[in-house]
Enquirer: 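One structure coming up, written as structure tokens, with questions to follow.
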Amino acid sequence: MNAISNFFHLKENNTSFKTELLAGLTTFVSMSYILFVNPNVLGASGMDKGALFTVTALSAAFTCIVMGLIANYPIASAPTLGLNAFFTYTVCLGMKVKWQTALAAVFVASILFILLTVFKVREMIIDAIPADIKYAISAGIGLFIAFIGLQGGKLIQNSDSTLVTIGSLNNPTVWITIFGLIITIFLMIARVPGAIFIGMIAAAVFGIVTGQIPMPKGVISSVPSIAPTFGQAVFHIGDINTVQMWIVVFTFLLVTFFDTTGTLIGLVQQAGLMKDNKMPRAGEALAADSSGMLVGSVLGTSPVGAFVESSAGIAVGGRTGLTAVWVGIFFLISTIFSPILSVFTTQVTAPALIIVGVLMAENLAHVHWTNLEIAIPCFLIALGMPLTYSISDGLGWGLIVYPVSMIAAKRFKEITPMMWILFIVFVIYFVVLNVTRGAS
């Protein structure tokens, strides 16, 4: 136990083995839905759903364990939402690209991703982003994750006239979220240790008792083979031979680059691990998530990236890589205990995401709101992330406006060369996105 404590520097980070275990379990439960969602989304492209279940778990486990051991951060990763939808609905179904070729595009993008990491381009970007923008990113991710929770818990729903509206109380599953949220709020304010995790367990029990969540049909199941998807990305690299496919490659690269970079900044900020506006061990953390994307593509899944649900584990005290290692272990275990995971529906995990959103929104207090040149880009980032349903899109709004607002305030000299580069990159980014969406 002492060896583990020393390796992960538990005492220096004011945490313990028990706390890190609880944090890892909380994060895993919060993001375990990806084990079922990813196969469903990618399965629409013609891929084998059984193989996708196992691949999702293995790629997540690999990246989480590497992040924990190498970077010592409590940040978990898995195949990301959004990019899996882009993979299936835009590339495979919209552009009529075979899923094997789409995997090859992810593989090529991951190699470029690793090169950007090796040459420390991502690290330079993280260091160059002003402190106010970093706080806005963290708060924006909080609002985004709360929005996901409200949506998953059916407390809000889509509306043809207003885009979103309040959910219906006639939907019995909504009461699972309401019950869990009330319990979690009470326990959080009462400062009960593990309040978020206890709230999820209470919501799951409530759902089972009221008959809204079926009891698991079993405990253990066999692990599906990954043979149908393994290595297909490598075998079809030769298919990346058209302008259209290179646009797809760069779209995967750009979205993953800014999604994961923004998420890492926000989560490290939330955990209080930023030092002098810089992210310690940034190179190791970036190497972990970029290698995860490469391994994931070979196994057979869309891009792997840092998950905002890691904030749930951080909220219950996770501060070191031991949290991430535990998440990885739970993903490995999940390959045989998948029936139990069915109990943790989106309504059960929704209260945790909503409360975590509240905690992360605290970072808005650190933004200099009286300076419009700072306030406007920060506001666009914080608001843009939930409204565009994309961390990278919201980040792009703010980083494009930032140099414009600074010039207007006659603070031109404070704009660093990297911020100008980001301005140009995001302009190109939105043009590329428009082209790919237009092609679908």
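Note that the structure is a prediction, hence the values are computed from the model and not measured.
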Enquirer: Which residue pairs pass the salt bridge (charged side-chain N to carboxylate O under 4.0 Å, His left out) test when at least one of the two sits in residues 338-352, sequence neighbours left out?
Expert: none

Enquirer: As an exercise, state the distance from CG of Asp393 to CG of Leu380, rounded to the nearest 0.5 Å.
Expert: 13.0 Å

Enquirer: Any donor-acceptor pair under 3.5 Å linking the side chain of Thr26 with the backbone of Gly313?
Expert: no

Enquirer: Determine, step by step, whether Thr56 and Val37 satisfy the side-chain contact (heavy atoms from CB on, under 4.5 Å) criterion, reporting the C-alpha distance in whole Å, the side-chain angles of both residues, the deciding distance to 0.1 Å, and the verdict.
Expert: CA-CA 10 Å; Thr56 301; Val37 174; over 6 Å; no

Enquirer: Please report the shortest heavy-atom distance between Ser110 and Leu294, naming the atom on each side.
Expert: OG-CD1, 3.2 Å

Enquirer: Rounded to the nearest 0.5 Å, what separates atom CD1 in Ile213 from atom CD1 in Ile208?
Expert: 6.0 Å

Enquirer: Other residues, nucleotides and ligands only: do more than 12 of their heavy atoms fall within 6.0 Å of CZ on Phe17?
Expert: yes

Enquirer: Holding to side-chain contact (heavy atoms from CB on, under 4.5 Å), I want the full list of residues that pass it with Thr162, two or more places apart in sequence or in another chain.
Expert: Ser159, Thr165

Enquirer: Working to the nearest 0.5 angstrom, can you tell me the gap between Ser45 OG and Leu93 CG?
Expert: 7.0 Å

Enquirer: Can you find a heavy atom in the side chain of Ile133 that is under 4.5 Å from one in the side chain of Ile374?
Expert: no

Enquirer: Go through the side-chain N and O atoms of Ser302 and Asn84 and say whether any donor and acceptor fall under 3.5 Å apart.
Expert: no

Enquirer: Say whether Thr345 and Gln347, considering side chains only, have a donor N or O and an acceptor N or O under 3.5 Å apart.
Expert: yes

Enquirer: Do side-chain atoms of Trp369 reach the backbone of Leu364 as a donor and acceptor pair under 3.5 angstrom?
Expert: yes

Enquirer: Provide the closest heavy-atom pair for Lys134 versus Asp127 in the form atom of the first, atom of the second, distance.
Expert: NZ-O, 4.1 Å

Enquirer: Within the supplied structure, the quantity of interest is the number of heavy atoms (other residues, nucleotides, ligands) at a distance under 6.0 Å from Ile336 CD1; does it exceed 12?
Expert: yes

Enquirer: Over 60° means perpendicular and under 30° means parallel, so classify the ring planes of Phe113 and Phe257, tilted if in between.
Expert: perpendicular

Enquirer: Could you tell me if the ring centre of Phe28 sits under 6.0 Å from that of Phe331?
Expert: yes

Enquirer: Are the side chain of Trp326 and the backbone N or O of Ala23 linked by a donor-acceptor pair below 3.5 Å?
Expert: no

Enquirer: Within the side chain of Thr323, is there an N or O that forms a donor-acceptor pair under 3.5 Å with the backbone of Pro74?
Expert: no

Enquirer: Is Ser59 close to Pro79 at the side-chain level, that is, under 4.5 Å between some pair of heavy atoms?
Expert: yes

Enquirer: What distance separates Ser138 OG from Gln270 CD, expressed to the nearest 0.5 Å?
Expert: 6.0 Å

Enquirer: Parallel, tilted or perpendicular: which fits the ring planes of Phe179 and Phe206, with parallel below 30° and perpendicular above 60°?
Expert: parallel

Enquirer: Examine the side chains of Thr15 and Asn13 and answer whether a donor and an acceptor come within less than 3.5 Å of each other.
Expert: no

Enquirer: Please assess Leu286 against Ile126 for the test side-chain contact (heavy atoms from CB on, under 4.5 Å), listing each intermediate value before the final yes or no.
Expert: CA-CA 11 Å; Leu286 299 171; Ile126 290 175; 4.1 Å; yes

Enquirer: With side chains defined as the heavy atoms from C-beta onward, is the minimum distance between Met293 and Ile114 less than 4.5 Å?
Expert: no

Enquirer: Are the side chain of Asp276 and the backbone N or O of Lys278 linked by a donor-acceptor pair below 3.5 Å?
Expert: no

Enquirer: Assess the residue pair Phe53 and Val223 against the criterion (side-chain contact (heavy atoms from CB on, under 4.5 Å)); give the C-alpha distance rounded to whole Å, side-chain angles, the decisive distance to 0.1 Å, and a yes or no.
Expert: CA-CA 9 Å; Phe53 174 82; Val223 181; over 6 Å; no

Enquirer: Consider only side-chain N and O atoms of Thr263 and Thr260, and report whether a donor and an acceptor are under 3.5 Å apart.
Expert: no

Enquirer: Let's go through Ile196 and Met188 carefully: what are the C-alpha distance in whole Å and the side-chain angles of both, what is the deciding distance for side-chain contact (heavy atoms from CB on, under 4.5 Å) to 0.1 Å, and is it a yes or a no?
Expert: CA-CA 7 Å; Ile196 291 176; Met188 286 290 292; 3.8 Å; yes

Enquirer: For a 4.5 angstrom cut-off between non-hydrogen side-chain atoms, does Leu83 reach Thr256?
Expert: yes

Enquirer: Is there a side-chain contact between His366 and Asp132 (heavy atoms, below 4.5 Å)?
Expert: no

Enquirer: Do any N or O atoms from the side chain of Asn72 and from the backbone of Gly321 form a donor-acceptor pair under 3.5 angstrom?
Expert: yes

Enquirer: Could you grab the distance from atom OG of Ser334 to atom CG of Leu35, nearest 0.5 Å is fine?
Expert: 4.5 Å

Enquirer: For Phe307 and Ala78, which heavy atoms make the closest approach, and how far apart are they?
Expert: CE1-O, 3.3 Å

Enquirer: How close do Ser311 and Val356 get, counting heavy atoms only, and between which atoms?
Expert: OG-CG1, 2.9 Å

Enquirer: Can you list the residues that meet the salt bridge (charged side-chain N to carboxylate O under 4.0 Å, His left out) rule with Glu123, with sequence neighbours excluded?
Expert: none

Enquirer: Keeping to residues at least two apart or across chains, list the salt bridge (charged side-chain N to carboxylate O under 4.0 Å, His left out) pairs with something in residues 288-304.
Expert: Arg122-Asp289

Enquirer: Distance alone, cut at 3.5 Å: any donor-acceptor contact between the side chains of Asp259 and Thr80?
Expert: no

Enquirer: Which atom names give the shortest non-hydrogen contact between Val343 and Ala204, and what distance separates them?
Expert: CG1-CB, 3.7 Å

Enquirer: Counting only heavy atoms not in Phe62, do more than 12 fall under 6.0 Å of its CZ?
Expert: yes

Enquirer: Measure up the Phe426 and Tyr429 rings against each other and bin them: parallel (under 30°), tilted (30 to 60°), perpendicular (over 60°).
Expert: perpendicular

Enquirer: My understanding is that only residues two or more places apart in sequence, or in another chain, count here; which of them pass side-chain contact (heavy atoms from CB on, under 4.5 Å) with Ala71?
Expert: Met67, Tyr73, Glu284, Ala285

Enquirer: Side chains of Glu20 and Thr320: donor-acceptor distance under 3.5 Å anywhere?
Expert: yes

Enquirer: Of all the heavy-atom pairs spanning Val367 and Tyr135, show the shortest one and how long it is.
Expert: CG2-CB, 4.1 Å

Enquirer: Is the ring pair Tyr389/Phe147 parallel, tilted or perpendicular, if the boundaries are 30 and 60 degrees?
Expert: perpendicular

Enquirer: Can you pull the salt bridge (charged side-chain N to carboxylate O under 4.0 Å, His left out) pairs that have at least one residue in residues 370-384, sequence neighbours excluded?
Expert: Glu373-Arg411

Enquirer: Give, for atom CD1 of Ile400 and atom CG of Leu422, the distance between the pair rounded to the nearest 0.5 Å.
Expert: 10.5 Å

Enquirer: Any side-chain heavy atom of Ile166 within less than 4.5 Å of one from Ile156?
Expert: no

Enquirer: Would one find more than 12 heavy atoms of other residues, nucleotides or ligands at under 6.0 Å from atom CD of Glu362?
Expert: no

Enquirer: Do any N or O atoms from the side chain of Thr177 and from the backbone of Gly153 form a donor-acceptor pair under 3.5 angstrom?
Expert: yes

Enquirer: Between Ser310 (side chain) and Ala76 (backbone), is there a donor-acceptor pair under 3.5 Å?
Expert: yes

Enquirer: Could you tell me if the side chain of Leu273 sits less than 4.5 Å from the side chain of Met279, heavy atoms only?
Expert: no

Enquirer: Hey, are the side chains of Ser225 and Thr54 touching, using non-hydrogen atoms and a 4.5 Å cut-off?
Expert: no

